[in-house]
Amino acid sequence: MQRLGDFRLPPFFNYPPYFTLQPVRETREKQVQLWKDLILDYCRSQKIYIISLEEDFPLFSNPKIERSLSHEAKEVFLAALVNEGRAEWMDKGHKKCLILWLRIQDWANYILNFVKDNGLEDNVMTVEEIRSGIETRGTELAGIDRGVLMRALKLLEQKGKAAIFKGTSADDEGVKFSA
């Protein structure tokens, strides 16, 4: 079984045709699904939030079989994630993609469960504490993309589950959670 760091790659990763967009519709649909799952799993395991099509990304080439995805294939696979709400283009030129291995609603639910499980209701935490504090070490929240976190917190605020307090800088924004 081939690995990429500590990530175990699926068997199709060593199958050269999967690095070329397949012309037959049924085959391409299966190929796209496999790549979507692989991208989400890899990004989640490595806590990667942004994929740039202009930079090397480890999944998009396999030196062992001397294959790389074309720019078109990368864009097709990422666009499929965008269409499912699992990613968003960050620019009009589709050069950078924000990967949402959890949708914003799922992040909001995760944060709420984290708050309840850790008895943090009615407590104030800074945004930075949520991203890198002792309480979040070893959780999905550790190192979360700031933009993703803020969108999830705003969703919780809209639902009356959190109140966001602006600080003098982005580093001292606070959140008070209510169950």
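What you see is a predicted model; the values in this text were computed from it and never measured.
- A 4.5 Å side-chain heavy-atom check between Cys97 and Phe77 finds every atom pair outside the cut-off.
- Residues Leu156 and Leu112 form a side-chain contact, since some pair of their non-hydrogen atoms from C-beta on lies under 4.5 Å apart.
- Note that the CG atom of Leu38 and the CG atom of Leu9 stand 6.5 Å from one another [nearest 0.5 Å].
- The cluster map of Ile, Leu, Val, Met, Phe, Trp and Tyr, joined by side-chain heavy atoms under 4.5 Å apart, puts Phe60 and Tyr15 in the same cluster.
- Looking only at distances, a side-chain donor or acceptor of Lys47 sits under 3.5 Å from a matching main-chain atom of Ala142.
- The minimum heavy-atom distance between Phe7 and Ser45, with the atom names listed, is CD1-OG, 3.2 Å.
- In this structure, Asn118 CG and Thr139 OG1 are separated by 8.5 Å, a value rounded to the nearest 0.5 Å.
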**OP:** For the pair Tyr49 and Leu98, evaluate side chain to side chain contact (heavy atoms under 4.5 Å, CB included) and give the outcome as yes or no after the intermediate values.
**Re:** CA-CA 6 Å; Tyr49 292 89; Leu98 175 68; 4.2 Å; yes

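- Listed for the Gln22 side chain is a donor-acceptor partner under 3.5 Å among the backbone atoms of Pro17.
- Residues Phe13 and Ser61 share a closest heavy-atom pair of CZ-O, 3.4 Å.
- Without hydrogens or angle criteria, Thr126 side chain to Glu129 main chain gives a donor-acceptor distance under 3.5 Å.
- Under the 4.5 Å side-chain criterion, counting only non-hydrogen atoms from C-beta, Leu102 is not in contact with Asn109.
- Other residues, nucleotides and ligands contribute only 12 or fewer heavy atoms inside 6.0 Å of the NZ atom of Lys176.
- Annotation for Pro16 and Asn14: closest pair CD-O, 3.3 Å, computed over non-hydrogen atoms.
- Proximity of Leu78 to Ile39: side-chain heavy atoms (C-beta onward) are separated by under 4.5 Å at one or more points.
- In this structure, Tyr42 has its ring center under 6.0 Å from that of Phe57.
- Of all non-hydrogen atoms in Thr20 and Gln31, the two that sit nearest each other are O-NE2, 2.8 Å.
- Between Arg44 and Glu140 a salt bridge is recorded (basic side-chain N to carboxylate O distance below 4.0 Å).
- Rounded to the nearest 0.5 angstrom, Leu69 CG and Leu21 CG are separated by 8.0 Å.
- Of the N and O atoms on the side chains of Gln33 and Lys30, not one donor lies less than 3.5 Å from an acceptor on the other residue.
- Ile111 and Val124 are assigned to two separate hydrophobic clusters, defined by single-linkage of ILVMFWY side chains at heavy-atom distances under 4.5 Å.
- By the 6.0 Å contact criterion, CG on Asp56 is open, its count of non-hydrogen atoms from other residues, nucleotides or ligands being 12 or less.
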**OP:** Please assess Arg86 against Lys36 for the test side chain to side chain contact (heavy atoms under 4.5 Å, CB included), listing each intermediate value before the final yes or no.
**Re:** CA-CA 9 Å; Arg86 302 305 301 264; Lys36 287 188 310 188; over 6 Å; no

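- More than 12 non-hydrogen atoms from other residues, nucleotides or ligands lie less than 6.0 angstrom from CZ of Phe12.
- Legend: residues meeting side chain to side chain contact (heavy atoms under 4.5 Å, CB included) with Glu26, ordered by chain and number and at least two apart, are Val24.
- Trp107 places a side-chain heavy atom less than 4.5 Å from the side chain of Leu141.
- Residues Leu120 and Phe114 have side chains in contact (heavy-atom distance under 4.5 Å, counting atoms from C-beta outward).
- Here the side chain of Asp145 pairs a donor or acceptor atom with the backbone of Gly147 at under 3.5 angstrom.
- For the side chain to side chain contact (heavy atoms under 4.5 Å, CB included) with Trp101, the lone residue among Leu40, Asp106, Val148 that qualifies is Leu40.
- We find the CG-CZ distance between Leu153 and Arg151 to be 12.0 Å, quoted to the nearest 0.5 Å.
- Listed here is the closest heavy atom pair of Ala87 and Ile99: CB-CD1, 4.1 Å.
- In this structure, Glu75 and His94 have side chains that are in contact, with non-hydrogen atoms separated by less than 4.5 Å.
- Between Phe19 and Trp35 there is a side-chain heavy-atom pair separated by less than 4.5 Å.
- Looking at Asn62, its side chain never comes within 3.5 Å of a backbone N or O of Arg67 through a donor-acceptor pair.
- Between Arg146 and Val127, the closest heavy-atom pair is NH1-CG1, 3.0 Å.
- With sequence neighbours left out, the ring pair (Phe, Tyr, Trp, His ring centres under 6.0 Å) criterion links Tyr110 to no other residue.
- Atoms NZ and OG, on Lys161 and Ser178 in that order, are 7.0 Å from each other to the nearest 0.5 Å.
- Taken from CE in Met150 to CD1 in Ile130, the straight-line distance is 8.5 Å, to the nearest 0.5 Å.
- One finds a salt bridge joining Glu128 and Arg131 here, because a Lys/Arg side-chain nitrogen approaches an Asp/Glu carboxylate oxygen to under 4.0 Å.
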